[in-house]
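One structure below.
So that the names make sense, note that chain A is the first sequence line, chain B the second, and so on, each numbered from 1. We use all heavy atoms of the structure for the numbers below, so side chains are in, but hydrogens, waters and symmetry mates are not. Predicted model, so just to flag it, every value in this text is computed and none were measured.
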Amino acid sequence: MYPASFEYLRALSVAEAISMVSNNEDAKFIAGGHSLIPLMKLRLATPSTLVDIGRIGSLSYVKDEGSQIAIGALTRHRDIEISDVLRSKAPMLAHVAGMVGDPSVRHRGTIGGSIAHGDGASDLPAAVLALDAVLVVEGPSGRREIKATDFFKGFLETALGADEVLVEIRVPSDIKAWSYQKFNRRAQDWAIVGVAAVRNGTTRVSLVNMGATPLRATGTEAALASGASLDDAALRADEGIDPPADLNASVEYRRHLAHVLTKRALSELG
Amino acid sequence: MKVTLTVNGKQVSRDVEPRTLLVHFIREDLSLTGTNVGCDTSSCGACTILMGGESVKSCTVLAVQADGAEITTIEGMASADGTMNAVQRAFQENHGLQCGYCTPGMVMASYSLIKENSNLDEAAVREGLEGNLCRCTGYHNIVKAVLAAASEMGA
Ligand SMILES: Cc1cc2nc3c(=O)[nH]c(=O)nc-3n(C[C@H](O)[C@H](O)[C@H](O)COP(=O)(O)OP(=O)(O)OC[C@H]3O[C@@H](n4cnc5c(N)ncnc54)[C@H](O)[C@@H]3O)c2cc1C
Ligand code: FES
Ligand code: FES
C-alpha cells in the first residue's frame, strides 16, 4: 500500500520546520512516522506536504534539571526506555515507553509524536497526564507551555496549532509512588484499557482507551481525596466517562477493566 | 528526490518518489527480495531490516527518511564467501523455520535484540520478538535458535 503522493521537505531546525508549514494548511510534520505512515497507507491521512522533523538532532535529549526532567520531543521510545536519568528519576516514563509496541516500533517512534498524535489508546499520553507534565511548544511567535491537562482536546485533536512544534516534555522527578497497568490480550498490542496512577502528595489517575482522548479518572481522584477506601475509589474510575465499544471489548467490559486495573494500580501505590 | 544509502556495505543512489516505502525501495529498486512484505500494516515484522544497526519495520519507513542511513538486509548477513552469520546458522541448526517467510525478519530482529541485550533468557527473547509473527513454527525453535546465537555471540 502506497500513501497518496505528497511533497517532501526536510527541516533541520525548529524555525525552519515552522516556516515550512506556515501558509500550507495541508502540510504535516513527520517525526518517526509510526502513527502517520500507517494512516497515510490507509489513506486516512493525505497531507499534501510532509515536513520531516526527524533530523532535528537538537530535540533528542533527556536532561536532569533538578525537580524536573526535560525530554526532547524527538527522543525515541527506546532511548526513553533505557535512559539512566529517567530510570532513576522518573521511572514510570521509562517503564511506559518500554511498553509501546515492540522493539522495532520503539526504535523509530518518538515521545513527541506519540503525544502530538494524541490517541486516547496510546500509552504515553495517559502517562504524561497522570504525571502532570508540562508540554513546551514552539510556533511562529515563540514558545509557550501547555499543561498536559489542557492538551488533549478530542479524537486525534490537541491544543497544538498546525504551525506549532512540540519541542519538550517536562515531568516531575520527585514522584513518590506510581503504577502503570496495561491490559491487552496479545503481545505488542495496544491497551484494551490501561491505568496510570501517580502519588505525589495527592493521587492522580488517568485512563487509556476509555475515550477519544486520555482521560483523568476524576471520580477515583475525588474519592481518594475524601478518604474513601481503595475499593470504593476504584469503582468510581469510569464515573462521567463513556467508553467506546470495539472488536476487543464492549462498553461494560471496559468499565469492568477500568475498575479492576485502577484497584491494582492503587494497591501497587501502597 | 535523490536518496543515497549504504546498503549491505555498498553505497547506492536512486531517484525516488517521496511516497516510496523503504521496503519497496529495497525489493524493487535494489532487487533485494530477501526482505518480505507480510502484513503491510506494521504488525508482522516480515519486513524487518537494520537501520543504523537497529531493527526497524521497513514497511513503515519512507525511503526518503532513510536517506544517508546505513541499512543491512538479510542478504548482508552472511560473509562474502557465503559463511552464514551466527544467527542464521542457529536458525538452521535449531530448525527455527518451516516455510521461511518470516525468517529474514526474524533473523534481523533477533540480531538487533542480541546486540542490545547482554543477558537474554527465554522470556526476554519471547518478549523481544513480540513484533515478529510466525505462522508455522509455534516459536519454540525460534526461541531456541536465538538463545543459541546469543551465547555464541557472547551475550
Ligand atoms: C505496530 C505498532 C504498534 C504500536 N503500539 C503502540 C502501543 O502499544 N502503544 C502506544 O502508545 N503506541 C503504539 N504505537 C504508536 C507509536 O507509539 C508511535 O511511534 C507514536 O504514536 C508516534 O510517534 P512518531 O514519532 O512515530 O510520530 P509520527 O507518526 O511521525 O507523527 C504522529 C503525528 O504527530 C505529529 N507530530 C509528530 N511529532 C511532532 C512534534 N514534535 N510536534 C508537532 N507535531 C508532531 C505528526 O504531524 C503526526 O500528526 C504503535 C505503532 C505501531 C506501528
Ligand atoms: S510487512 Fe512490515 S510489519 Fe508486516
Ligand atoms: S516459518 Fe513460516 S511463517 Fe515462520
Side-chain angles (χ1 to χ4, degrees), chain A residues 1-12 27-55 57 74 76-79 81-82 98-110 113 184-190, chain B residues 1-3 16-25 28 37 39-69 105-106 108-117 123-133 139:
Chain A
M1 293 180 293
Y2 280 85
S5 296
F6 55 84
E7 190 191 353
Y8 174 83
L9 301 173
R10 195 173 282 157
L12 296 177
K28 258 194 163 311
F29 297 122
I30 183 167
H34 269 50
S35 290
L36 189 52
I37 293 173
L39 287 180
M40 288 174 63
K41 286 164 74 173
L42 296 170
R43 311 272 170 125
L44 294 172
T46 50
S48 62
T49 305
L50 277 192
V51 173
D52 190 350
I53 56 174
R55 290 171 197 245
L74 283 167
R76 299 193 189 274
H77 303 321
R78 167 76 184 164
D79 295 321
E81 180 185 357
I82 63 172
M99 305 203 72
V100 173
D102 58 67
S104 300
V105 170
R106 298 197 288 272
H107 287 146
R108 294 291 300 160
T110 66
N184 54 14
R185 279 186 297 205
R186 293 176 313 188
Q188 85 160 325
D189 265 357
W190 300 73
Chain B
M1 178 175 170
K2 188 172 167 194
V3 294
V16 297
E17 255 194 279
R19 62 176 172 158
T20 309
L21 298 166
L22 183 56
V23 69
H24 295 308
F25 177 77
E28 287 156 30
V37 178
C39 64
D40 205 8
T41 58
S42 328
S43 309
C44 75
C47 64
T48 308
I49 56 149
L50 303 182
M51 187 163 149
E54 296 176 325
S55 64
V56 304
K57 293 176 171 178
S58 61
C59 73
T60 313
V61 178
L62 300 168
V64 288
Q65 285 180 294
D67 188 17
M106 282 287 178
M108 305 318 282
S110 302
Y111 183 83
S112 175
L113 182 71
I114 293 169
K115 285 282 174 196
E116 276 179 358
N117 296 278
V125 171
R126 287 186 183 276
E127 204 174 313
L129 293 181
E130 65 186 335
N132 292 74
L133 304 182
Y139 300 102

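At a 4.5 Å heavy-atom cutoff, B/L129 makes no contact with chain A through either its backbone or its side chain. Neither the backbone nor the side chain of A/L36 has a heavy atom closer than 4.5 Å to any heavy atom of chain B. Proximity to chain A involves both the backbone and the side chain of B/V61, based on heavy atoms less than 4.5 angstrom apart. Contact annotation for B/T48: only side-chain heavy atoms (C-beta onward) come within less than 4.5 Å of a heavy atom of chain A. Using a 4.5 Å cut-off between heavy atoms, A/L42 does not touch chain B at all.
The shortest heavy-atom contact between B/L21 and A/Y2 is N-CE2, 4.4 Å. Across B/D67 and A/R55, no two heavy atoms sit closer than the pair O-NH2, 2.9 Å. The two residues B/R19 and A/R43 have their closest heavy-atom pair at NH1-NH2, 3.9 Å. Here the closest non-hydrogen pair linking A/H107 and B/V56 is CB-CG1, 4.3 Å.
With chain A as the partner, the residue from B/E127, B/M108, B/Q65, B/R126 showing the most heavy-atom pairs under 4.5 Å is B/Q65. By number of non-hydrogen pairs under 4.5 angstrom with chain A, the leading residue of B/P18, B/G131, B/S55 is B/S55. Chain B forms more heavy-atom pairs under 4.5 Å with one residue of A/V105, A/D52, A/D102, A/L50 than with any other, namely A/D102. Top candidate by heavy-atom pairs under 4.5 Å with chain A, chosen from B/G68, B/C59, B/S42, is B/C59.
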Give the C-alpha distance, both sets of side-chain angles, the deciding distance and a yes or no for salt bridge (charged side-chain N to carboxylate O under 4.0 Å, His left out) between A/R78 and B/E54.
CA-CA 10 Å; A/R78 167 76 184 164; B/E54 296 176 325; 5.6 Å; no
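To the nearest 0.5 Å, atoms OH (A/Y8) and CD (B/E17) are separated by 14.5 Å. One finds the CZ atom of A/R106 at 9.0 Å from the CD atom of B/E116 (value rounded to the nearest 0.5 Å).
In this structure, B/K57 contributes its side chain and A/S104 its backbone to no donor-acceptor pair below 3.5 Å.
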